[in-house]
There are 2 protein chains.
Amino acid sequence: MASRPTMEDVAARAGVSRALVSLVMRGAPNVSQARRDAVFKAARELGYSPHVMARSLASRTSTVLGVMVSDLHNPFFAEVVDGLEAVTRKAGFELIINTGRRTPAGERQAVRSLLSFRPAGMVLLGPAVETAEIKAAAEQVPVVLVARSTRLRSADTVNDDGRAGSELAVDHLVGLGHRRIVHFDGGRGSQSALRRRGYVDGMKKHGLQPSVIRSEYTDVAGAKAVRTLLEQDEPLPTAIVAANDVNAIGAISALEEAGLRVPDDVSVIGYDNTSLSTLAHVGLSTVDQPREVMGRLAAQAVLERVRDGRTEPVRHLLHPKVIQRETTAPPPSDSAR
Amino acid sequence: MASRPTMEDVAARAGVSRALVSLVMRGAPNVSQARRDAVFKAARELGYSPHVMARSLASRTSTVLGVMVSDLHNPFFAEVVDGLEAVTRKAGFELIINTGRRTPAGERQAVRSLLSFRPAGMVLLGPAVETAEIKAAAEQVPVVLVARSTRLRSADTVNDDGRAGSELAVDHLVGLGHRRIVHFDGGRGSQSALRRRGYVDGMKKHGLQPSVIRSEYTDVAGAKAVRTLLEQDEPLPTAIVAANDVNAIGAISALEEAGLRVPDDVSVIGYDNTSLSTLAHVGLSTVDQPREVMGRLAAQAVLERVRDGRTEPVRHLLHPKVIQRETTAPPPSDSAR
DNA sequence: GAGTCCGATTAGAGCGCTCTAATAGTGATG
DNA sequence: CATCACTATTAGAGCGCTCTAATCGGACTC
């Protein structure tokens, strides 16, 4: 495990100064072809590659972008990361990813850890962490939030209109004839309040009684919410607006385990339109968020702050739409109230 | 966006030397309580946090572990990362994750990018990248491979016995009465050759004719393999041994789209036992790999090299087992050869 | 042949930190 | 009260790099 060669080593081997090697490595224009070749040759022979962190320390700049993923298990984020990567790679930045392990405390750690690399910017995907923490980060470095809204002028946001999305989900179910529609919410998760409000507003709009069951953005929580439902005395709802796709799938699993058929007995609609819902075997009806586009927009936003020095906040608000697949259908005929 | 405070700033504010601040930050024992408190107070007031990279530059050590995830979309890796995090966090190391975007070229970039941070060690999850690249990395830093075998003495490995696992899958299907069993392989993906061999060996052991369809570790590829199957003249197989869970789910989706029922018409068994397969709605029969344990073992292996200076390679080989759920059943009765 | 330019090259300081070696401080000891 | 034995603190060099300012070496002019 020989210690890696440094610029000094390359310089010695190529018979030039360290400064010249630095120029060559950065592709400076005024270097003679002969020296340039000699430096590259020496670098190749030694297996040299620049020490990014020493570079950023010396240059007081960084090409690193930190990405905090609140839940690595949710495919939604993997798809956003795809969009992020596409844009940032092209712009010559590097992504480093950290996970929040589904808890605010974990997210806090992840954000701080990312910050300790002194990145040029940060993108937080679905953060559930306190606003204070986000604010602190945004004071040090440009921050873009995805799937989380904020009033902070120092952070940009990329969101879909979660209120509208949930309302659309309700409209869709009401359109199919449902009246007893329950919402499993995202608990303390990001955007959960908005989706809940959209659901409540939608229900009221149709003159229906909203009913929210506290849940989370995980399959386990979705299954648990169903069990809560089954233990209640009240008649079962004919439809569920789940917090997100993962939650919906957990719910469907629990329903089927309880001998209920989806959508014959109960309709379920998710949220996010992740790859999960696309699978024909799952065939989850859901509300679409354009995940890859969101990643791209987030990357552009952070680059605008980093490279172009923009300081005015940007708020991207995308319009959700319902994707009907096989988990929503008219309610069973005997369910008329 | 004020530039972040440095150790010098903290020292000035606390009325001590920079060296003392450094000692306090590292929790050195021989510092008076009074000074220690003063330093922490000043640090807090300034919002100071140490610059990890300057630290590792100066100390010639690193607490960073690089993790290359070949496919962020595959939940298998998210679960391995859970195990990695649990162990490394406790040991005071930080994880930085990079993705290979499902291509060898992407993995190469990711590995190099990770290396440019001069991490203490690297863990490659399911790498499909060339051995030469792995070897080059292993010359600079301890490397642990998960879900990929190698002969390199410079790298540790954590694997399940893919050959045995596939053979078990075949045994399971044969035990149910299947005889026309097809394998969708993992193409150039890691461990794919081993799983293929286990399948072939298993078939031969039972006196059956192996039949492999080239595929990949993605749902899209699984669906495509089914379509290939349907276009062939030969009678459909009664069972499929899929490359992994994701591939299996893609396959099931395509089968159902074609009007075939699983497991009534065709049985499907996956590989990995990811959270995906656990969902009751999916109910995928599969071959279990203990993902979180694998993450823990990998973390321990890399820490042993980093901290304890182990140089002998370690090979963890875990024993797979079949998990029967709802996608495997006896073949349809009229399918007798 | 002295002077001028301009592109190519380099010396040296410094980024934020750690680490070694030296220094200051504090009692205990004889 | 000088000496010793510690413990607590600090100065200063240096990690691998960039960047500014200085220098070098021709080619060109008059």
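Chain naming here is simple, since letters A, B, ... match the order of the sequence lines and numbering starts at 1 in each.
Below the 3.5 angstrom threshold, one finds a donor paired with an acceptor across the side chain of A:Arg18 and the base of D:dT18.
Rounded to whole angstrom, the span from the CE atom of B:Met53 across to the C1' atom of C:dC15 amounts to 15 Å. Put simply, CZ on A:Arg36 is 15 Å from P on C:dG7, counting in whole angstrom units. Atoms CZ (A:Phe117) and P (C:dG16) sit 18 Å apart, rounded to a whole Å. Remark: C1' of D:dT18 and CE of A:Met25 are 14 Å apart, rounded to the nearest angstrom. Residue A:Glu8 contributes atom CD, which lies 12 Å from atom C1' of D:dG14 at whole-angstrom precision. When the P atom of C:dG16 is taken as reference, atom CD of A:Gln140 falls 13 Å away, rounded to whole Å. Separating the NE2 atom of A:His51 from the P atom of D:dG14 is a distance of 18 Å, rounded to the nearest angstrom. When rounded to the nearest whole Å, the span between CG of B:Leu23 and P of C:dT23 equals 18 Å.
If you check C:dT10, D:dT10, D:dG16 against the side chain of A:Leu20, the one that comes closest is C:dT10. Listed nucleotides D:dC17, C:dT9, D:dG16 differ in distance to A:Met7; the shortest reach to its side chain belongs to D:dC17. For A:Arg118, counting side-chain heavy atoms from C-beta on, the closest listed nucleotide (C:dC17, D:dT9, D:dG16) is C:dC17. The nucleotide whose nearest atom lies closest to any side-chain atom of A:Ser59 is, among D:dC17, D:dC19, D:dG16, D:dC19. Which of D:dT9, C:dT18, C:dA8 sits closest to the side chain of B:Arg55 comes down to C:dT18. The side chain of B:Ala19 approaches D:dA11 more closely than any other nucleotide in the set D:dT9, D:dC17, D:dA11. Listed nucleotides D:dT18, C:dT9, D:dT9 differ in distance to A:Ala58; the shortest reach to its side chain belongs to D:dT18.
A:Arg26 and A:Ser22 form a side-chain donor-acceptor contact under 3.5 Å, judged by distance and modelled atom types alone. Defined by atom type and a distance below 3.5 Å, a donor-acceptor pair is missing between the side-chain atoms of B:Glu139 and B:Ser154.
Position along DNA chain D of the nearest nucleotide to B:Leu57 versus B:Ser17 favours B:Ser17 as the more 5'-ward residue.
One finds the CG atom of A:Asn98 at 12.5 Å from the OG atom of A:Ser70 (value rounded to the nearest 0.5 Å).
Ion pairing of A:Asp156 with A:Arg315 is absent here, as no side-chain N (NZ or NE/NH1/NH2) approaches a carboxylate O to less than 4.0 Å. Between B:Lys135 and B:Glu130 there is no salt bridge, since none of the side-chain N atoms of the basic residue sits less than 4.0 Å from a carboxylate O of the acidic one. Ion pairing between B:Arg101 and B:Glu107 fails under the 4.0 Å rule for side-chain N and carboxylate O.
Among the protein residues, A:Arg35 comes within range of the sugar-phosphate backbone only, with heavy atoms under 4.0 Å from sugar or phosphate atoms but none that close to a base.
Taking side-chain N and O atoms only, A:Arg60 has no distance below 4.0 Å to OP1 or OP2 of C:dC15. Residue A:Thr6 places none of its side-chain N or O atoms closer than 4.0 Å to OP1 or OP2 of D:dG16. In this structure, B:Ser32 reaches the D:dT9 phosphate: one of its side-chain N or O atoms is under 4.0 Å from OP1 or OP2. Contact check, A:Arg26 against D:dC19: a side-chain N or O comes under 4.0 Å of OP1 or OP2. In this model, the phosphate group of D:dA8 is approached by a side-chain N or O of B:Asn30 to a distance below 4.0 Å at OP1 or OP2. Of the side-chain N and O atoms in B:Ser22, none sit less than 4.0 angstrom from OP1 or OP2 of C:dC17.
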